[in-house]
Structure formats: C-alpha cells, structure tokens
Trainee: 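One structure, pasted below without further comment.
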Amino acid sequence: MNIKVFKDYDEASFYCADLVASTINKNSHPILGLATGSSPLGVYQEIIRRYQKKQLDLANVTTFNLDEYVGLPRTHEQSYNYFMRKNFFDHVNIKEENINLPDGLAEDLQEECRQYSQKLLAMGGTDIQILGIGTKGHIAFNEANSKLQAHCHVEILDQCTVMDNSRFFKCKEDVPLSAITLGMMEIFCSKKIVILAFGRSKAKAIASFNDDQITTEVPVTFMKTHPDATLILDQEAAAELNVV
Ligand code: GLP
C-alpha cells in the first residue's frame, strides 16, 4: 500500500489527476472507475482543466461509476448520474455511449446489477479505480458490516451514511435508503486503486491502515491486499496514522 500525505486537497487532487492522466495516456482504450462525493471533485476539475488546455484527450475513455441511489431518476439533482454529468462528463469529450452508471430506476434491480457487473467484467475491469471512503470506511456503498458482498448488488444504507449524505438533500428523510453498488470483487478487479480521503472525519477509518489487518467492519481495509493501491490523504485525514 502506497500512502501519500499532501499539504492540502488541491495538491492531493493534482497528484491523483496525474495518475488518471497517465492511465489515459498509456492505454489505447482506457477504462476509468469513477466515484461521486466531494473527495474526487478536485480530481475531476483538474482533468477538465487539462482537457480544456488540450493536454489530455478523453475521446477513447470508457467510464464505469461505482454506485447509484435506488429510486432517483437520472434528472434528480442528487442522483449520481446527474452529479457525474454536472461535475465531469458535460465538460470533457467522453462519448455518451462509453459512460456507464447503474440505473437506480430499473424495474428489475437484480437484473440491472447482474448486467452492470457482466459488462464491466467482460471489458476486463477498470484500469484505474478512484475511491472515496465513508466515515466508517465504506467503499462505493459496501457498508461496514459483518459480511460484504463480492458482486454488484442492492445495499441497504447504514444510518451513518444516510446522515452523512443528508447534507446534500433538503432533509434526512429525502435520502434514499438503498443503492446499487459494485461489490468488493468488481472494485478489486481494477488494475490500480486510488483511495482519496480528506478531512478529520475520515481520520478514524484511515487509522485502520496502522496495522496489517483486514475487516469487513472497515471495508476499505480489503484494499490492503491489492497489489497496486495508493492512499491519497490530506494532513487531517492522516492525523491518526503512525505509519507515514
Ligand atoms: C458516498 C459514496 C461513496 C463516497 C462517500 C464519501 O457514500 N457512495 O462512494 O466515497 O459518499 O463521500 P465524500 O467524498 O463526499 O466524503
């Protein structure tokens, strides 16, 4: 596990954008695994900046997002589909047909999960996976629990996640209670994993990198077993780390 601690969010985002850019430049048909939330926003902004300056071409890029709320139409401002378009896809030259997100309104959610997983795995998984983490160390929507699931599935959200994510909604009651999420296996299949964590609220989950243990109670710890995983932190998220 590589651990990189940066002075602030902007420096960390720039470094992560470098990793994404080099993945794009090295592959003829790069596949990016993308996340939502505030953690990767700076990375998207930096990639957009490089695209606008003609330093980066995304014409051959395919993307797969990690997750989507169940029950929100893609036009809903809090759907992850809407988030990705507003904050990234609308500003770069990724082709519409190469953008993949689960459909949270699918009539048959199990079938939607099966097809989404199959499409991703048939393409060989992602070349780079950007991950944020939840307060309890969840990745995508694989919540801290006594068991985790390998494949794409519908997850009932933890109360802590509902509270955390309610800051984006009018009230807590508006937060969907379930979501489609890639499972641990599909995330792990990525050739390169980049975990972004910023701010004091992530310090406890990041402290789980102080030892070599893996636990379903902190799902991000499974990334310790990945051969090419990097933690990208600011100083606040790294506050309880003693291994750097
Ligand atoms: C949601 C997403 C996760 C994300 C997490 C953290 O729960 N499903 O993929 O990592 O939020 O969000 P933030 O980066 O805003 O802290």
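Read the numbers this way: they start at 1 and go in the same order the structure lists the ligands and their atoms.
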Trainee: Counting non-hydrogen protein atoms only, what is the nearest one to atom 4 (C) of ligand 1? Give residue, atom name and distance.
Mentor: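 For atom 4 (C) of ligand 1, the nearest protein heavy atom comes out as T36 O, 4.1 Å.
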
Trainee: Considering only the protein, which heavy-atom contact is closest to atom 5 (C) of ligand 1, and what is its distance?
Mentor: H138 NE2, 3.8 Å

Trainee: Which of the numbered atoms in ligand 1 are under 4.0 angstrom from any heavy atom belonging to G132?
Mentor: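 Those of ligand 1 that fall under 4.0 Å from G132 are 10 (O).
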
Trainee: Are C152 and I180 close enough that some pair of their side-chain heavy atoms sits under 4.5 Å apart?
Mentor: yes

Trainee: With ring centroids as reference points, do F222 and F188 lie under 6.0 angstrom apart?
Mentor: no

Trainee: Do you know which two heavy atoms are closest between L56 and N25, and how far apart they sit?
Mentor: CD1-OD1, 3.8 Å

Trainee: Using heavy-atom distances only, which candidate in L182, D164, I195, I133 approaches atom 6 (C) of ligand 1 most closely?
Mentor: I133

Trainee: Is R200 salt-bridged to E240, going by a charged N under 4.0 Å from an acidic O?
Mentor: yes

Trainee: For the 3.5 Å polar cut-off, considering only N or O atoms, please tell me whether A140 and ligand 1 meet it.
Mentor: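 Between A140 and ligand 1, an N or O pair is found under 3.5 Å apart.
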
Trainee: Tell me if the aromatic rings of H76 and Y82 count as close, with their centers under 6.0 Å from one another.
Mentor: no

Trainee: Between E186 and K119, does the salt bridge (Lys or Arg N to Asp or Glu O under 4.0 Å) criterion hold? Intermediate values first, please.
Mentor: CA-CA 11 Å; E186 288 121 349; K119 185 168 186 190; over 6 Å; no

Trainee: Among protein heavy atoms, which lies nearest atom 8 (N) of ligand 1, and at what distance?
Mentor: D67 OD2, 2.9 Å

Trainee: Kindly say whether L182 contributes a backbone atom to a donor-acceptor pair with the side chain of N142 at under 3.5 angstrom?
Mentor: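 Present.
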
Trainee: Got the closest protein heavy atom to atom 2 (C) of ligand 1, with its distance?
Mentor: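 Of the protein heavy atoms, Y80 OH, 3.6 Å lies nearest.
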
Trainee: Look at atom 12 (O) of ligand 1 and say which protein heavy atom is nearest, naming residue and atom and giving the distance to 0.1 Å.
Mentor: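 So the nearest neighbour among protein heavy atoms is G37 CA, 4.0 Å.
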
Trainee: Counting only heavy atoms closer than 4.0 Å, does ligand 1 sit against the backbone of F198, its side chain, both, or neither?
Mentor: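 Looking at F198 and ligand 1, no heavy atom falls under 4.0 Å.
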
Trainee: Check whether any side-chain heavy atom of F209 lies under 4.5 Å from a side-chain heavy atom of L233, and answer yes or no.
Mentor: no

Trainee: Pull out every atom of ligand 1 sitting under 4.0 Å from any heavy atom of S39, numbered as shown with elements.
Mentor: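 Answer for ligand 1: 13 (P), 14 (O), 16 (O).
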
Trainee: Answer with side chain, backbone, both or neither: which part of A179 has a heavy atom less than 4.0 angstrom from an atom of ligand 1?
Mentor: neither

Trainee: Please say whether more than 12 non-hydrogen atoms of neighbouring residues, nucleotides or ligands are located less than 6.0 Å from CG in D212.
Mentor: no

Trainee: With heavy atoms only and a cut-off of under 4.0 Å, state how A35 meets ligand 1: side chain, backbone, both or neither.
Mentor: neither

Trainee: Examine the proximity of ligand 1 to R167 and report which part, side chain or backbone, both or neither, has a heavy atom under 4.0 Å away.
Mentor: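 R167 to ligand 1: side-chain contact only, backbone stays beyond 4.0 Å.
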
Trainee: Just to confirm my output: which protein heavy-atom neighbour is closest to atom 16 (O) of ligand 1, and how far is it?
Mentor: K202 NZ, 2.6 Å

Trainee: Evaluate the ring planes of F141 and Y80, with Trp represented by its six-membered ring, and classify them as parallel (under 30°), tilted (30 to 60°) or perpendicular (over 60°).
Mentor: parallel

Trainee: For N165, take its heavy atoms, then give the atoms of ligand 1 lying under 4.0 Å from any of them.
Mentor: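 Heavy-atom distances to N165 below 4.0 Å select 1 (C), 7 (O).
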
